[in-house]
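A short worksheet on the structure shown next.
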Amino acid sequence: MTGIEELLSSRIRDVADYPEPGVMFKDITPLLADPAAFGALTDALADVATRTGATKIVGLEARGFILGAPVAVRAGLGFIPVRKAGKLPGATLSQTYDLEYGSAEIEVHAEDLSAGDRVLVVDDVLATGGTAEASLQLIRRAGAEVAGVAVLMELGFLGGRGRLEPALAGAPLEALLTI
């Protein structure tokens, strides 16, 4: 484990049986409360943005906003929120995706992305990959190019990487920690 991996993982708290029995929730609030750890995380994700040639950062609701906005500032890029349906005013593009039981929908302002944009998606966790996959579809429908996906942690046992790889179409998926 590298120094940054040790720092980040030491600030992530396990919460048993949340939000339901049998689930081990990975709480990142201690990491966010530690300025050294949060700064290191922001630097590492901003480095991914620079290496991928991103011109904009998309943050996925809600913790992707917390991570993506400072990454955009650090990398000197614009920040675009991808929200749950019905949360953005004005003209939006939407994308529906399947969940284990049912479906969900995300939206982006139609004018915030365009041809020539290279977009890095930032989020806290890659779990099953459904939301990330839908965001990549949304980015391409807006006419922009996918620069990649960067997450704090990947829950490898849930298989999100395998689901996401076809939608990435060769763009990188970088996880700072894999659990």
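Fair warning: this is a prediction, and the values are worked out from it, not measured in the lab.
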Verdict with reasoning, Leu67 to Leu32, per side chain to side chain contact (heavy atoms under 4.5 Å, CB included): CA-CA 9 Å; Leu67 302 185; Leu32 300 174; 4.0 Å; yes
Verdict with supporting geometry, Arg13 and Thr29, side chain to side chain contact (heavy atoms under 4.5 Å, CB included): CA-CA 8 Å; Arg13 177 177 54 180; Thr29 57; 3.8 Å; yes
Candidate pair Val48 and Leu120, rule side chain to side chain contact (heavy atoms under 4.5 Å, CB included), full reasoning: CA-CA 9 Å; Val48 174; Leu120 179 69; 4.1 Å; yes
side-chain hydrogen bond (donor to acceptor under 3.5 Å, both in side chains) between Tyr97 and Ser103, worked out: CA-CA 6 Å; Tyr97 61 100; Ser103 64; over 6 Å; no
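A donor-acceptor pair under 3.5 Å is formed between the side chain of Arg118 and the backbone N or O of Gly53. Here the side chain of His109 pairs no donor or acceptor atom with the backbone of Ile80 at under 3.5 angstrom. Between the side chain of Glu5 and the backbone N or O of Thr2 there is at least one donor-acceptor pair closer than 3.5 Å.
To the nearest 0.5 Å, atom NZ of residue Lys84 and atom OG of residue Ser94 are 16.0 Å apart. Phe79 CZ to Ile57 CD1: the interatomic distance, rounded to the nearest 0.5 Å, is 8.5 Å. Summarising the geometry, atom OG1 belonging to Thr131 is positioned 11.5 Å from atom CG belonging to Leu138; distances are rounded to the nearest 0.5 Å. For the atom pair CZ of Arg83 and CG of Leu88, the computed distance is 6.0 Å after rounding to the nearest 0.5 Å. Glu61 contributes atom CD, which lies 10.5 Å from atom CD1 of Ile66 (distance to the nearest 0.5 angstrom). Between Ile179 atom CD1 and Leu155 atom CG the span is 6.0 Å, to the nearest 0.5 Å.
Within the 4.5 Å cutoff, side-chain heavy atoms of Leu41 are placed close to those of Leu31. Contact of the Arg51 side chain with the Glu174 side chain is registered, since non-hydrogen atoms from C-beta on lie closer than 4.5 Å. No side-chain heavy atom of Pro81 sits less than 4.5 Å from a side-chain heavy atom of Lys87.
Hydrophobic cluster membership differs between Val58 and Val125, with clusters built from Ile, Leu, Val, Met, Phe, Trp and Tyr side chains linked at under 4.5 angstrom. By the criterion of side-chain heavy atoms lying less than 4.5 angstrom apart, applied directly or through intervening Ile, Leu, Val, Met, Phe, Trp or Tyr residues, Phe65 is not grouped with Val108; the two fall into different hydrophobic clusters. Put simply, Leu136 and Val119 are part of the same group of oily side chains (I, L, V, M, F, W, Y) that touch within less than 4.5 Å, one to the next. Hydrophobic clustering (ILVMFWY, side-chain heavy atoms < 4.5 Å, transitive): Val121 and Leu77 are in distinct clusters. The hydrophobic clustering, which links ILVMFWY residues whose side-chain heavy atoms are closer than 4.5 Å, places Leu45 and Val149 apart.
For the side-chain hydrogen bond (donor to acceptor under 3.5 Å, both in side chains) with Gln95, the qualifying choice from Arg140, Arg141, Glu107 is Arg141, the only one to do so. When each of Leu8, Ile12, Leu176 is tested with Met153 by the rule side-chain contact (heavy atoms from CB on, under 4.5 Å), just one qualifies, namely Ile12.
Salt bridge annotation for Arg63-Asp123: absent, with no cationic side-chain nitrogen under 4.0 angstrom from a carboxylate oxygen.
The 12-atom threshold is not exceeded at OH of Tyr18, counting heavy atoms of other residues, nucleotides or ligands nearer than 6.0 Å.
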